[in-house]
Amino acid sequence: MSTLIAATRAEFAKVFTTRIWWILLIILGGYVALLSGGLGLLFGATSQGMLGASEGVEGMPTTGLATMIYSTATSIGYVFPLLLGALATTGEFRHQTLTPSFLATPKRGIVLSAKAIALFLIGAGFGVVAIACSVGAGSAALAGFDIDTALDSSDTWALIGRSVLAMAIWSILGVGLGSVIPNQVATIVVVLAFTQFVEPILRSVGALADWIGTVTQWLPGAASDALVGASFYGAMGASGAQLDWWAGGLVLLGIALVVTVLGWLATWSRDVT
Amino acid sequence: MGDLGQTIEFTGLTKSFGGFTAVNDLSFSVRPGRVTGFLGPNGAGKTTSLRALLGLVNPTSGTATFDGIRYRDLASPLTTVGAALEAASFHPGRTARHHLEIYARAAKLPITRARESLALVGLDGFADKRVGGYSLGMRQRLGLAYALLGDPGVLVLDEPVNGLDPEGIKWIRELLRSLAAEGRTVLISSHLLSEVQQSVDDIVIISKGEIVHQGTLADLDTGDQLRVHVDSPDRAALGAALEASGFQIEMSRSGFIVHDVEPGAVGHAAFVAGVELSALQRKTSGLEDRFLSIVGGGAS
């Protein structure tokens, strides 16, 4: 047990002694703040007809608008903890630091577990920063148009808590993915292609027919949105069926753990030459 | 006083990658208090053997242990064994001190050991510089600092001399000698005997994955051929005298090489013939030649 704690401390140190974590964190915070603030202004202005009235828009409901805007922290920001986790493992392969890591902790399962634990906690930290940015910028924008910020609602705070959990799980999925695909460039390409292209398209298709939706609700992004409980995609009508929040959380965690076990089998337990 | 170091024991170690046998039935032991050279040409299986010893590579069969315990089963690996394998196992964006502190944490060592081992290898002035800017020699020293992190009784170093300047080579020789003198077990690999012959007591030579020679450095020397270099202001007279004595001789740029006799016998032959000598010297250290003939059957 104490070996696991020591290894986890080492994994924290690995992340915080290189620069990538704060670079990703700054981009995440800025991106989410801009997006949620921008959406707040856009919808606020639209709801008051300031952008010019069009058929049906003047009656645009503003209920649920706040949580949809806050959820950009995860529905758009999840790629950042995912990348951080992936870089944490691919970096070990790329810079051949598996050798000193496995010399210091020869039980490799402990190293991989420690990495998953450390990245889960750091991912949660990313989640706190992301949701703070989206709630901060989004609620400020909404308040400017006298739209309900929903910050007095316990449901909103539950959503904030679940967002932090989602971001933490995404980091574990990154760790697993990086172990399955140890090539750093390949992993980054896969992460960006899947999150920005493949899954959004599949989920849009899923909204077209119920039977497709029952399949696409199991995708990691859909499960993550289900866990959080509100979604930018959902609001745009781009997703169909959705799991319960707890089921979404279990699906996302299950995907993360299965991928990590695959990584163990594919690379982690192999010869280090 | 007991030895600080454990005995390394290779027992029938075999490692195949696919159909290729990199190491075949390797058995030898490495004793504390001595520096053992693990020699062989590139591709002979040295690195694979050392990685199997350290639990980084799973042997196909056989074992490699420290006082009977496999690396993966050591209670405190970094305080038992320190290893440096090849260069560049560093994140270039990390400082040397941070690099070592990570593994000090993982091994439950005091964080201050990072600075202390950097001082031991002469890198204390560069502790907070990013490793990406290090020269090859500095990276070798950082690798060695990692090996010394836990103040271990056993040191396993793969090609530690590579990339060091002459001053660095002299420094590492003295360091290894003093570590062995403290009773530690020191195993170093090299593809060149001449690089390590001034540091090692024992040698194990492998070629194509199998042991071809094992013993002390002195053992290798006794197999050396006896050769005498001799010269005279009057080379013609010297040549005639040597031939008259029935020696096997060979012309060289600076006189003659006489095979299989002691220098005294050559001097006597010249004296009897009344030839003045300007040089009379036993040729030593055909060690590298011996080494090459053992590993390559004289091919190289």
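Quick note on labels: first sequence line is chain A, next is B, and so on, each numbered from 1. The figures that follow rest on heavy atoms only: side chains count, while hydrogens, waters and symmetry mates do not.
- Heavy-atom neighbours of F126(B) CZ from other residues, nucleotides or ligands within 6.0 Å: at or below the threshold of 12.
- Chain A forms the most heavy-atom pairs under 4.5 Å with one residue out of G93(B), A107(B), P92(B), and that residue is P92(B).
- Annotation for W171(B): atom CH2 counts as buried by contact number, over 12 foreign heavy atoms lying within 6.0 Å.
- Interatomic distance, CZ of R19(A) versus NE2 of H91(B), reported as 8.5 Å (0.5 Å rounding).
- T17(A) is not listed as a side-chain neighbour of T95(B), based on a closest heavy-atom distance of 4.5 Å or more.
- A distance-only check finds no donor-acceptor pair linking the side chain of R9(A) to the backbone of A106(B) [under 3.5 Å].
- For D271(A) and K15(B), the salt-bridge test passes: some basic side-chain N is under 4.0 Å from an acidic carboxylate O.
- Contact of R94(A) with chain B is not made at all, since no heavy-atom distance falls under 4.5 Å.
- Smallest separation of non-hydrogen atoms from P106(A) and Y71(B): CG-CE2, 3.6 Å.
- Between the OG1 atom of T105(A) and the NZ atom of K108(B) there is a distance of 8.5 Å, given to the nearest 0.5 Å.
- Other residues, nucleotides and ligands contribute more than 12 heavy atoms inside 6.0 Å of the CZ atom of R72(B).
- To the nearest 0.5 angstrom, L103(A) atom CG is 6.0 Å from L85(B) atom CG.
- Residues R94(B) and T97(A) have side chains that never bring a donor and an acceptor to within less than 3.5 angstrom of each other.
- With rounding to the nearest 0.5 Å, the separation of CG in D73(B) from NZ in K107(A) is 5.5 Å.
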**OP:** Begin with the C-alpha distance, continue with both residues' side-chain angles, and end with the deciding distance and a verdict on side-chain contact (heavy atoms from CB on, under 4.5 Å) for T99(A) and R51(B).
**Re:** CA-CA 9 Å; T99(A) 294; R51(B) 287 190 171 266; 3.3 Å; yes

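- For K14(A), the parts lying under 4.5 angstrom from a heavy atom of chain B are both the backbone and the side chain.
- Side-chain atoms of Y103(B) never come within 3.5 Å of backbone atoms of P100(A) as a donor-acceptor pair (strictly under, hydrogens ignored).
- Both the backbone and the side chain of S101(A) come within less than 4.5 Å of a heavy atom of chain B.
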